[in-house]
K.L.:
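This structure is in structure tokens; I'll ask about it shortly.
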Amino acid sequence: MKQSRKKDGENPKQKEPKPNLVRNKPPHLDDIYACLQCGYCASVCPVYRETGWESLTPRGKVYLLKHLIAKDSFFDKILGKKAADFLTGRGRISLEEAMTKIYTCTLCGRCETICHVDIDFHKYWEEIRKWMVENGIKPPQNTIDMYNNIANEEYKNPFMEPVPKRDEWYRDDYRLPEKADILYFIGCMTSYHEYQILLNTLKIFTSAGLNFTTLGTDEMCCGAINTMSGQWDNFKTIAENNVRQIEKRGATRVVTGCPACYRALKKYREFVECNFKLLHTTELVAELIEEGKLKFTKEFKEKNLPIVYHDPCELGRISDYEGKGIFEAPRYILKNIPGIDNILEFSNNRMDSVCCGGGGGLRAVNYDLTMEITLRKIDEAIELGAKTIVSACPNCKAQMSDGVKAKKEKMINSEEKFKMKVMDVLDVVAKSL
Ligand code: SF4
Ligand code: SF4
């Protein structure tokens, strides 16, 4: 006999309750109604530039939100459709489609620099995602998986990598003290994928004679992916765990080379008392150079010159919105490396820097789109005549390295030769020690 899967008291026809977005309005309603629909933001949005889809511009998404939360009007009722149809061209937009549009964004915050009514997009998009999740709209499945992996004690990182692997690159070579003044918060991307940056950072700190340590296998993902994807409910627990571990080491300064960790650790202060100063590695290394604590002995390889510096969105523009953008420390470091006399600049740099493509969790939603954004960036670097793209973010390094590989594959049958290195500022420093 066929087994019924129905449980006691469960109605098989019962559907998940539909979120009531008309009643549970999103944050920053005033911004939604203030938008002039002028479209200036579209001109700078990297997603729009690659897709050409008006519904993916900031203006399109704000318009979409306005209609998601609007009550059906008299005419809507008669016509059986909302004006949101203009966005899709085919009937009422589903919540899943709306979610995909809101998440098709690198969270680069470039739209904020130009918005005519000063919408604080660097926090706006994150808060809209949070509101969607709180109202039962599921974020992209990949981000749910990452959230679960972080919460799993076996991993504590989004990539399902085992905890003991976190410090395997250095635990035998560096006997770090249990307590130290400086705590190097490594981050998951650097610990598991871009570990060359980790090894180079340890080399630099050791060479400068710093009293530092790490959290080793006690480090947990900073939680940036949770906040980016709107899944905030365990962020406080993550913050408490990492801050408790930092306090155990007695550190007064915490330094990280990952801009996503840098911003997440800054957010911890909203949930837990933090008695330490937070720095990005480029700030600390610039300080070490200024104080004469780092001695360079080798010139940067001429065949990899000239270099072009890419400002990571989270380190530069977005940190600037939040108080202090880090633009000059990486450039100062590079200018002090023997052999580097000239740093090329992208046509849009500092506050106007164009995202590398890998921000905001967009890789989890539309990897191909991130590659299109990256390839445009790489093409500009080639046009500038650069041989090396340098950044100060492990995610930018990973994304642009993938872009260089993709570009090489595209050019496999071409007679043109293409050579491009992608490095972190600290990779450049370590090579010159
Ligand atoms: S944050 Fe960046 S990608 Fe997202 S809408 Fe604004 S400009 Fe476009
Ligand atoms: S620039 Fe600002 S006001 Fe103008 S359409 Fe874009 S979001 Fe709206």
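Indexing begins at 1, ligand by ligand and atom by atom, following the structure's order. Residues take their numbers from the sequence shown, with the count starting at 1. Predicted model only: the values in this text are computed from it and were never measured.
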K.L.:
Strictly under 6.0 Å, is that where the ring centroids of F212 and Y184 end up?
P.N.:
no
K.L.:
Between H116 and atom 6 (Fe) of ligand 2, is there a contact where an N/O/S atom of the residue lies under 2.8 Å from the metal?
P.N.:
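Short answer: no, not a single N, O or S atom is under the cut-off.
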K.L.:
Can you tell me the protein heavy atom closest to atom 5 (S) of ligand 1 and the distance?
P.N.:
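Answer for atom 5 (S) of ligand 1: P58 CG, 3.5 Å.
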K.L.:
Return yes when F121 approaches ligand 1 closer than 4.0 angstrom through a heavy atom, no otherwise.
P.N.:
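Not so, F121 does not reach ligand 1.
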K.L.:
For ligand 2, which part of C38 has a heavy atom less than 4.0 Å away: the side chain, the backbone, both, or neither?
P.N.:
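Both of them.
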K.L.:
For the pair E380 and S347, evaluate side chain to side chain donor-acceptor pair (under 3.5 Å) and give the outcome as yes or no after the intermediate values.
P.N.:
CA-CA 8 Å; E380 191 186 344; S347 53; 3.0 Å; yes
K.L.:
Would you kindly say whether N200 and D427 are connected by a side-chain donor-acceptor distance under 3.5 Å?
P.N.:
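Judged by distance alone, the side chains do pair up.
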K.L.:
Please confirm if an N, O or S atom belonging to C45, backbone or side chain, lies less than 2.8 Å from atom 6 (Fe) of ligand 1.
P.N.:
no
K.L.:
Under 4.0 Å, counting heavy atoms only: does E112 come that close to any atom of ligand 1?
P.N.:
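Contact absent.
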K.L.:
Is there a side-chain contact between C221 and K156 (heavy atoms, below 4.5 Å)?
P.N.:
no
K.L.:
Provide, to 0.1 Å, the distance between atom 6 (Fe) of ligand 1 and the closest protein heavy atom, together with that atom's residue and name.
P.N.:
C111 SG, 2.3 Å
K.L.:
Between F121 and Y124, is the ring centre distance below 6.0 Å?
P.N.:
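Yes, the ring centres sit under 6.0 Å apart.
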K.L.:
Centre-to-centre under 6.0 Å for Y268 and F235, is that the case here?
P.N.:
yes
